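Before anything else, here's the structure in question.
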Amino acid sequence: MKKRNFLLIVAVLGIAAGVAYATRSSWMSGGAATAQGPQRPRAVAVDIAKAERRSVPVDVDAIGSVTPISSVALKSRLETTIVSVHFEDGARVNEGDLLFTLDARQIDAQIEQAEGILARDQAQLEGAQRDFRRYTDLVGKGATTQVNLDNAKTQSDILIGTIKADQSALDNLRVQKSFTIIRAPFAGRISAANVKVGNFVRPADTQPLAVINQMAPVYVTFAIPQRALVDLRDSMAKGDPKVIATIPGHQRSETGKVAMVENTVDATTGMVTVRGIMNNESETLWPGTIVQTKLIIRSENAVVVPTVAVQRSQNGNFVFVVKDGVAKVQPIKVDRTFQGSSVISEGLSGEESIVVDGQLLLSDGSRVQPRARKAGA
């Protein structure tokens with residue numbers, strides 16, 4: 001009997017010890033909390049930047065194409081053969097440079113023939129004028145009739161008209177000969193020659209001898225939304241708009257100005273065509289190239305924050321503004337974005353400290369701790 005009671009007491013003590021061990025964390029922490037008192041919430045580590053007020057361009061991005069201001073396809077105006085080609089394929093040419101020489105022997109012979117006819121008719125005119133003067137004297141003396149004088153006058157007038165026709169024919173042949181020398185009408189780049197020495201050419205040929213494109217300056221043509229048209233026209237009246245054209249995949253670009261705006265908005269797309277003119281002295285832009293264009297309409301003073309700082313909710317955009325180590329929700333209105341920054345039209349006045357990283361752990365009133373800035377950041 002005593003042994004049975006002893007075993008019962010041992011079992012009860014074992015159960016009590018197990019319960020005490022299982023609940024040790026609750027009674028131990030309670031005692032520690034009572035000893036240390038209530039703890040402050042832990043601060044959230046965040047990255048902070050300043051909202052700043054500065055000049056920001058109002059711009060429109062678009063895809064454009066490069067077109068030459070002048071482009072000419074050289075063709076022969078005579079039926080003849082190529083005697084000489086005076087340029088290298090793809091070379092730069094200046095205005096007036098000799099490009100092609102055509103065979104002019106046939107025209108030279110025709111010119112000599114026309115000069116001979118003109119000389120003959122001039123000699124006949126001199127004889128007719130001498131007869132006219134002679135008959136004039138004889139009529140005054142009564143030695144001949146008036147009919148002879150009138151005939152001499154008529155013959156002289158006929159030969160004067162004949163000489164004018166001869167001179168016109170000679171001038172026309174000289175113009176035709178000038179077509180045998182083909183020169184560059186303006187400076188630019190010439191294509192590969194489509195003909196070689198000895199080729200026969202004629203005006204009816206569809207393929208040109210070569211093509212010259214003006215390289216500096218050039219046009220860049222692109223389209224912008226119609227909502228930007230009013231601002232662009234106002235800016236053009238002040239001479240402010242600027243066009244920047246960049247070749248995709250490269251950092252090289254050219255800057256120019258707006259040359260013209262199309263007089264009609266495309267009703268199907270709501271876009272209007274704009275043409276910029278670029279100096280292109282270094283020939284960065286090649287005719288036919290597709291480029292990224294930026295139309296800078298004007299610059300305005302505005303509050304700018306990094307775009308990563310802007311958060312979105314059902315009530316609109318907001319940022320976390322940090323003051324005295326506490327993050328507060330500040331509703332804002334974003335006007336537009338520009339090169340990784342957002343232009344704020346309402347909600348910020350500038351110089352506020354805002355959270356740019358770590359927003360997921362924040363709520364209105366959270367305590368924050370700025371992170372140390374990395375070297376070079």
Side-chain angles (χ1 to χ4, degrees), residues 49 52 54-71 90 92 187-189 191 211-310 317 334-345 356:
E52 57 180 342
R54 58 185 174 88
S55 178
V56 182
V58 178
D59 57 22
V60 178
D61 293 326
I63 300 297
S65 61
V66 181
T67 56
I69 294 178
S70 298
S71 179
R92 281 191 59 89
R189 287 270 179 186
S191 69
V211 176
I212 300 177
N213 287 332
Q214 183 176 346
M215 302 296 294
V218 294
Y219 285 139
V220 173
T221 305
F222 54 96
I224 64 172
Q226 63 180 11
R227 57 180 171 79
L229 180 58
V230 175
D231 288 342
L232 174 59
R233 293 188 63 201
D234 291 343
S235 182
M236 289 178 64
K238 302 176 182 177
D240 293 339
K242 182 170 61 173
V243 179
I244 301 175
T246 305
I247 300 176
H250 299 272
Q251 298 300 320
R252 299 179 63 185
S253 62
E254 285 287 336
T255 301
K257 61 182 181 179
V258 175
M260 64 84 68
V261 178
E262 190 56 77
N263 60 359
T264 304
V265 176
D266 190 333
T268 59
T269 62
M271 308 291 281
V272 60
T273 300
V274 178
R275 178 180 291 170
I277 185 169
M278 329 295 283
N279 288 332
N280 201 36
E281 294 179 355
S282 60
E283 295 187 357
T284 300
L285 305 179
W286 211 256
T289 304
I290 302 300
V291 294
Q292 296 174 341
T293 62
K294 183 180 293 293
L295 172 63
I296 300 178
I297 299 176
R298 67 177 187 277
S299 296
E300 62 182 12
N301 195 27
V303 177
V304 178
V305 300
T307 300
V308 293
V310 179
N317 296 325
V334 178
D335 184 44
R336 64 184 188 280
T337 59
F338 170 74
Q339 295 181 352
S341 299
S342 294
V343 179
I344 309 303
S345 58
V356 296

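Positions are given from 1 along the sequence. Worth saying up front: this structure is predicted, and the values here are computed from it rather than measured.
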Using side-chain heavy atoms (C-beta onward) and a distance below 4.5 Å, is F222 in contact with L295?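 Sidechains of L295 and F222: in contact.
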
Residue list, side chain to side chain contact (heavy atoms under 4.5 Å, CB included) with A228, at least two apart or on another chain: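 Scan of A228 (side chain to side chain contact (heavy atoms under 4.5 Å, CB included), adjacent residues dropped) gives V60, I224, I297.
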
Salt bridge (Lys or Arg N to Asp or Glu O under 4.0 Å) partners of residues 245-274, not counting sequence neighbours, each pair once: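 Pairs touching residues 245-274 that pass the test: none.
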
Do V218 and N213 make a side-chain contact, defined as non-hydrogen atoms from C-beta onward lying under 4.5 Å apart?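 Heavy-atom side-chain distance check fails, nothing below 4.5 Å.
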
Chi angles and distances behind the side-chain contact (heavy atoms from CB on, under 4.5 Å) call for R298, V58: CA-CA 5 Å; R298 67 177 187 277; V58 178; 4.0 Å; yes

Only counting residues at least two apart or in another chain, list the ones meeting side chain to side chain contact (heavy atoms under 4.5 Å, CB included) with V308.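 Side chain to side chain contact (heavy atoms under 4.5 Å, CB included) list for V308, sorted by chain: P306, V356.
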
Under the side chain to side chain donor-acceptor pair (under 3.5 Å) test, residues paired with R54 that sit two or more places apart: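 Here the qualifying residues are E52.
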
With sequence neighbours left out, what residues match D234 under salt bridge (Lys or Arg N to Asp or Glu O under 4.0 Å)?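 For D234 there are no salt bridge (Lys or Arg N to Asp or Glu O under 4.0 Å) partners, ignoring immediate neighbours.
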
Report the residues that fulfil salt bridge (Lys or Arg N to Asp or Glu O under 4.0 Å) with K242, sequence neighbours left out, ordered by chain and then residue number.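 If we apply the salt bridge (Lys or Arg N to Asp or Glu O under 4.0 Å) test to K242, skipping adjacent residues, there are no hits.
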
Using residues 286-293 as the side-chain source, report each donor-acceptor pair under 3.5 Å to any protein atom, sequence neighbours left out, with the distance given to one decimal.
residue, atom, partner, partner atom, Å
T289, OG1, W286, O, 2.7
T293, OG1, A62, O, 3.0

Which residues pass the salt bridge (Lys or Arg N to Asp or Glu O under 4.0 Å) test with R92, sequence neighbours left out?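 R92 satisfies salt bridge (Lys or Arg N to Asp or Glu O under 4.0 Å) with E283 only.
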
Report yes or no: does S55 contribute a side-chain atom to a donor-acceptor pair with the main-chain N or O of S299 at less than 3.5 Å?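 Side chain of S55 to backbone of S299: no pair is present.
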
Which residues pass the side chain to side chain contact (heavy atoms under 4.5 Å, CB included) test with V334, not counting sequence neighbours?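 For V334 the side chain to side chain contact (heavy atoms under 4.5 Å, CB included) partners, ignoring immediate neighbours, are V310, N317, I332, S342, I344.
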
Does any pair with a residue in residues 267-281 pass salt bridge (Lys or Arg N to Asp or Glu O under 4.0 Å), and if so which ones, sequence neighbours excluded?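 Pairs touching residues 267-281 that pass the test: none.
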
Please name all residues satisfying side chain to side chain donor-acceptor pair (under 3.5 Å) with D335, sequence neighbours left out, ordered by chain then number.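 Once residues adjacent in sequence are excluded, D335 has no partner under the side chain to side chain donor-acceptor pair (under 3.5 Å) criterion.
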
Listed by chain and number, what are the side chain to side chain contact (heavy atoms under 4.5 Å, CB included) partners of M236, not counting sequence neighbours?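 Side chain to side chain contact (heavy atoms under 4.5 Å, CB included) check on M236 returns L232, P241, V258, V261.
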
